[in-house]
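Take a look at the structure below.
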Amino acid sequence: MRLSDTMSGQTIELEPLRPGHVGVYVCGVTPYSASHIGHAMSAIVYDVLVRYLRWPSNRAGGYEVRYVSNYTDVDDKLIDRGAELGVDPLVLANQNIEQWEREQEALGLLPPDVRPRVSTEIPAIIALIEQIIANGHAYATPAGNVYFRVQSKADYGKLSGRTIDQLRSGTRFEPGEDKEFALDFALWKAMKPGEPHWSSPWGEGRPGWHIECSAMSQRYLGDTFDIHGGGVDLVFPHHENEVAQSEAATGKPFARLWVHNGMVLRDGEKMSKSLGNFVTVEDALERWSPDAIRVFALSSQYRTPNNLTNEALDAAGRAVDRLATALEAKNTAERGAPSVDASEARARFIDALEDDLNTAQALAAMFDLARAINRGRDEGLDIGAAQHVLYELAWVLGLRLERESLAQAVDEAALAEVAARFGVTAGAGAEAVEGLLTRRAEARAARDFATGDAIRAALDRIGIEIKDTPQGAEWSVRG
RNA sequence: GGCCACGUAGCCAAGUGGCAAGGCAGAGGUCUGCAAAACCUCCAUCACCGGUUCGAAUCCGGUCGUGGCCUCCA
């Protein structure tokens, strides 16, 4: 498949280092507070990338993928936030990671194969820093800090398209800094009172930001690996510094392909923790289904900024219903009836994802397939195989397209009350609904439409929808 | 100020040289006792100006507007 590569500025063909295998590293979150939709957006994009790479029906016949995504659980923000709350920063990080992992599961995100944390990777980080120092690209100071020597790398700035001169304007030395050069950045920070710290050749301290990703990607994917992903806001300085560090240590090329997703905007402005204009994943999941959130995230190409509005999420929810309805349609074809042909939609879906993971076009192919299924149902064609394809494509995008179960969606007591009101006393749950449908069918057969409509309205109020079809009434939980 | 994206229907959004995908909303119709769902039909000269070309939303130049990065950030 082709992917847009930030380093070269080109869309280039993925050619894995080891045929059939792809290594993917994605920068995860700094868990100092609850995750927001921007994190979900990013995670969904890479989740779909990994699902597609693994899918046996992709053009390459499916890759074996090793997917690594980290948690930066040692960081200035965590330390500050921990101090504010009076909680150990690592405990705070752990709480937020646990919440985020529950949310990831709810969003249908496949767990990465490795989820390393800074706090458990200290030896690898120290070893990497030692290597960089030995190669002359970093230096330790008397205070116990270690800095990367930016000017020792002639190609510094190559990822973000900047030069040291450009970057230098606008930066200045902070008072008390012991760097050689203003753009040099910390690989290791000497301990300050009250902060988490580990022993190192340079004294007690902790890793700087950036070095953890170099250490973890190297440890779990090797010196050179296939794809490195993250939000576009990480291009500079985080990813720029990662390349510089890693290549300074190994002398080999780092990531072969840099993939960056666009930001989620809120009211036209970047949604971020620091701006405080974010919608948390927790809040979003209360109002919208995981599928709706996914369709929202995937309805634009991943590099395009995505403006979050309630209307857009609501619309995505209705779009999901459309797909789910096609998947639920009853196959009424008679034996030997011709089948709905799904091959064109399937091919378009694959073409779209092969071309820089164009999920918007992939979704369009799915909607066209849904329409073909519905039409085929009306025309008495066999829709079974086409529905199977739709389900398969939905899996690649991580969509479940399943209604909630009756027990999840409907209050038991409310259902029992409705059943009692219309004289249905036997059974609960689905049995009660079936009883009510029978009662309604009797009423309608007697042309007592008032009772029939009252039953329908009562069920609708508690979240159960009735559709009258030529084969009788069908019910479903409202999406 | 520097670097980089983007500006397509009421809303979201694909398309990067050859009659403008898809979703939501809206209008009309079919089906239905009525609904719902579904199906059918309709709904855009692609920010503006100039240029290249037989032909431009797509390429080039300019104008205006929006966003991102340059400091922590998915």
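Predicted model only: the values in this text are computed from it and were never measured. Letters go in sequence order (proteins before strands), and every chain restarts at 1.
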Under 4.0 Å, heavy atoms only, any strand: does [X] hit a base, just the sugar-phosphate, or nothing?
X        : answer
A:Glu379 : nothing
A:Thr304 : sugar-phosphate
A:Ser299 : sugar-phosphate
A:Asp368 : sugar-phosphate
A:Met366 : nothing
A:Val45  : nothing
A:Gly230 : sugar-phosphate
A:Asp453 : base
A:Phe449 : base
A:Leu275 : nothing
A:Val235 : nothing
A:Gly452 : nothing
A:His36  : base

Should we say atom [atom1] of [X] is surrounded by more than 12 heavy atoms from elsewhere, each under 6.0 Å from it?
X        : atom1 : result
A:Glu404 : CD    : yes
A:Tyr391 : OH    : no
A:Glu344 : CD    : no

In whole Å, what is the span from the [atom1] atom of [X] to the [atom2] atom of [N]?
X        : N     : atom1 : atom2 : answer
A:Arg348 : B:A14 : CZ    : P     : 15 Å
A:Leu167 : B:C4  : CG    : P     : 13 Å
A:Gln301 : B:A5  : CD    : P     : 14 Å
A:Asn241 : B:U71 : CG    : C1'   : 13 Å
A:Lys467 : B:A37 : NZ    : P     : 8 Å
A:Arg266 : B:G67 : CZ    : C1'   : 17 Å
A:Arg303 : B:G67 : CZ    : C1'   : 15 Å
A:Leu298 : B:A74 : CG    : P     : 20 Å

(message) As an exercise, state the distance from OG of A:Ser217 to CD of A:Glu212, rounded to the nearest 0.5 Å.
(response) 9.5 Å

(message) Are the side chains of A:Asp5 and A:Leu3 in contact, using a 4.5 Å heavy-atom criterion?
(response) no

With a 3.5 Å limit on both atom pairs, tell me what [N] is paired to, counting Watson-Crick and G-U wobble, or say none.
N     : answer
B:C64 : B:G7
B:C54 : B:G18
B:G26 : B:C42
B:G33 : none
B:C69 : B:G2

(message) If you assign A:Asn307 and A:Leu265 each to the RNA chain B nucleotide with the nearest heavy atom, which residue ends up on the more 5' nucleotide?
(response) A:Asn307

(request) Using heavy atoms to find the nearest nucleotide of RNA chain B for A:Ala365 and A:Asp233 separately, return the residue whose nucleotide is more 5′. (result) A:Ala365

In whole Å, measure the gap between the [atom1] atoms of [N] and [M] for me.
N     : M     : atom1 : answer
B:C54 : B:G15 : P     : 28 Å
B:C46 : B:A20 : P     : 11 Å
B:G22 : B:A44 : C1'   : 15 Å
B:A25 : B:A37 : P     : 9 Å
B:C42 : B:A21 : P     : 12 Å
B:G55 : B:U45 : C1'   : 15 Å
B:A57 : B:C70 : C1'   : 32 Å
B:G17 : B:C24 : C1'   : 31 Å

Out of [options], whichever nucleotide has its closest atom nearest the side chain of [X]:
X        : options             : answer
A:Thr325 : B:A35, B:A38, B:A14 : B:A38
A:Arg377 : B:A35, B:C39, B:A38 : B:A38
A:Arg440 : B:C34, B:G2, B:G22  : B:C34
A:Asn306 : B:C70, B:A74, B:A13 : B:A13

(request) Go through the steps to decide whether A:Phe254 and A:Phe225 satisfy the test ring pair (Phe, Tyr, Trp, His ring centres under 6.0 Å), and finish with yes or no. (result) CA-CA 7 Å; A:Phe254 186 48; A:Phe225 58 93; 5.1 Å; yes

(message) Any salt bridge linking A:Arg115 with A:Glu101? Criterion: basic side-chain nitrogen under 4.0 Å from a carboxylate oxygen.
(response) yes

(message) For A:Asp226, is there an ion pair with A:Arg66 - N to carboxylate O distance below 4.0 angstrom?
(response) no

(request) If a protein heavy atom is under 4.0 Å from the base, mark B; if only from the sugar-phosphate, S; if neither, -; do that for nucleotides 24-32 of chain B going 5' to 3'. (result) SS-------

(message) Does either side chain, that of A:Asn70 or that of A:Thr72, offer a donor lying less than 3.5 Å from an acceptor on the other one?
(response) yes

(request) Compute whether any side-chain donor of one residue and acceptor of the other, for A:Glu242 and A:His238, lie under 3.5 angstrom apart. (result) yes

(request) Look only at the side chain of A:Lys179 and the backbone of A:Asp184, and say whether a donor-acceptor pair between them is shorter than 3.5 Å. (result) yes

(request) Kindly say if A:Arg447 contacts the phosphate of B:G33, meaning a side-chain N or O under 4.0 Å from OP1 or OP2. (result) no

(message) Is there, by distance only and without an angle test, a donor paired with an acceptor across the side chain of A:Asn358 and the base of B:G15 below 3.5 Å?
(response) no

